[in-house]
Asks: 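Sharing a structure, written as structure tokens. Questions coming.
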Amino acid sequence: MSAFDEFDQERQAIDTLLEQGYQVISIAEDLDGARVTFAPGGPGQSPVELLLLTADARKHVTTVVFAGSKPAAPIETGI
Amino acid sequence: MADLSIDLAGIKSPNPFWLASAPPTNTGYQVQRAFEAGWGGAVWKTLGEPVINTSSRFAAVHFNGQRVAGFNNIELITDRPLEVNLKEIYETKKRFPNHAIIASLMVEPKQEKWHEIVKRVEAVGVDGLELNFGCPHGMAERGMGAASGQQPDLVQAQTTWVKEVATTPVIVKLTPNITDITVVARHAVKGGADAISLINTINSLAGVDIHSWNTIPNVGGQGAHGGYCGPAVKPIALSMVAECARDRGVGVPISGIGGISTWQDVVEFMLMGSTGIQVCTAVMHHGFRIVEEMIDGLNNYLDDKGLASVTELIGKSVPKYSNWGDLDLNYKVVARINEDNCINCNKCHIACEDASHQCIDMLTNAEGKAILQVREEDCVGCNLCSIVCPADGAIDMVALDSGVAPMTWNQRNQVISGLNGSYSEAEVV
């Protein structure tokens, strides 16, 4: 798979969650990748964690947060 | 025709082209011939003590057919008595009153030694002084030159001693053989320096003879580190000039030195903050008359740009020189191959396959012709293909409008730390 395709899969996963109303509430980076925690945006949703591996997806998720909003207020995630 | 004159910390010169303190400025005969050729100023080869000769002393690095890509020397300061030099400086200044003569000085780090030489040199009418805290060899072994220049407190103290008696502008010449040149530059300014010049030569060993196993150069079979200069060092010099130019703690005019060989080099150094420049190796390679082409080229360039004075160039690119952490991570360029100019040598494909991101495909077009094509979505814009491409116009690096807002590394880390409530990465400066 090309590097772009790997990125595109991760980007779609991020964008899909955001479109469903999820919010990024934390990003933890380590040697294995960036663990992005999404808080539910509405009833019936559960918290989600994505492990992003590609450099461009990690950049994409921070760009979305940076461009779109101030850091989200603390939300009870239940995690 | 633009005005090429400059004023560097009070030292006036008809143009920004000065000879650096080095073999071409060893005698009045040489400096006067240089002024006749068109050089606007000269930094007289370092005066001081002791006066010693070494043989042999020069070596060069030739690369892929280009002679003197780099130049190495283990030469020392002037090999003639102070009085002889002073007499010739006086005569040269009398004959060329509008040209800049700066005396390069190096003595032991003692107050009385600096006072003595400054008074004696200024008495013959020099326009300024350049303190040699950069010579990497010979004198460094005796506590002078780079040995002083690598100790910021010594640079500050000696500059202070010079300023106690100097009546002309004082330029402090910096060694690049140090971790952060701005530290020394700031100490020079604290000592009262009116300007700084950089860079002096870089510690080097030009080579080893693989047959005799002797170093190049060697003195009777023994070698020692020398000072490296010439075109190969220009990027290092330019970077150090830029760092000093953007450092608010420095804030004094800069005389740029390091591999300058053409008028284009001069423009680059001035754009990056130099008020004037100094040249040595190119003159040692090609002679004084290279300045004619440099003057013509600079004049034409300024006319083309609609600039009335060369001083309008000074520092114009400094705001464009930033920290890595402040670069836009969302900026994207990709390579595009122009089939009309491509000679199908495949150098770009090999470079991309072996050393980058494997995004240049070897294809066959509808007419059965072999073509190279970039998969732009996989291209990271590294520039390698365009660097190795031998055909002009075959590869363009094209900026894409991603429609994404700019975001720097530091902003990215602020986002993450804002989310997480603590800093996850140190800010990059």
Asks: Excluding sequence neighbours, so at least two apart, what forms side-chain hydrogen bond (donor to acceptor under 3.5 Å, both in side chains) with Asp8(A)?
Replies: Arg11(A), Gln12(A)
Asks: Which residues in residues 375-408 of chain B have a heavy atom less than 4.5 Å from any heavy atom of chain A?
Replies: Glu377(B), Asp378(B), Val404(B), Ala405(B), Pro406(B), Met407(B)
Asks: Excluding sequence neighbours, so at least two apart, what forms side chain to side chain contact (heavy atoms under 4.5 Å, CB included) with Arg186(B)?
Replies: Thr182(B), Val183(B), Asp247(B), Val250(B)
Asks: Taking side chain to side chain contact (heavy atoms under 4.5 Å, CB included) as the definition, give me every residue that meets it alongside Asn365(B), ordered by chain and number, with sequence neighbours left out.
Replies: Glu339(B), Glu367(B), Lys369(B), Ile371(B)
Asks: Among Thr201(B), Asn203(B), Ile199(B), which residue satisfies the side-chain contact (heavy atoms from CB on, under 4.5 Å) criterion with Asn177(B)?
Replies: Asn203(B)
Asks: Going by atom types alone, do Arg246(B) and Asn323(B) pair a side-chain donor with an acceptor below 3.5 Å?
Replies: yes
Asks: Atom CE in Met240(B), atom CE in Met272(B): separation rounded to 0.5 Å?
Replies: 14.5 Å
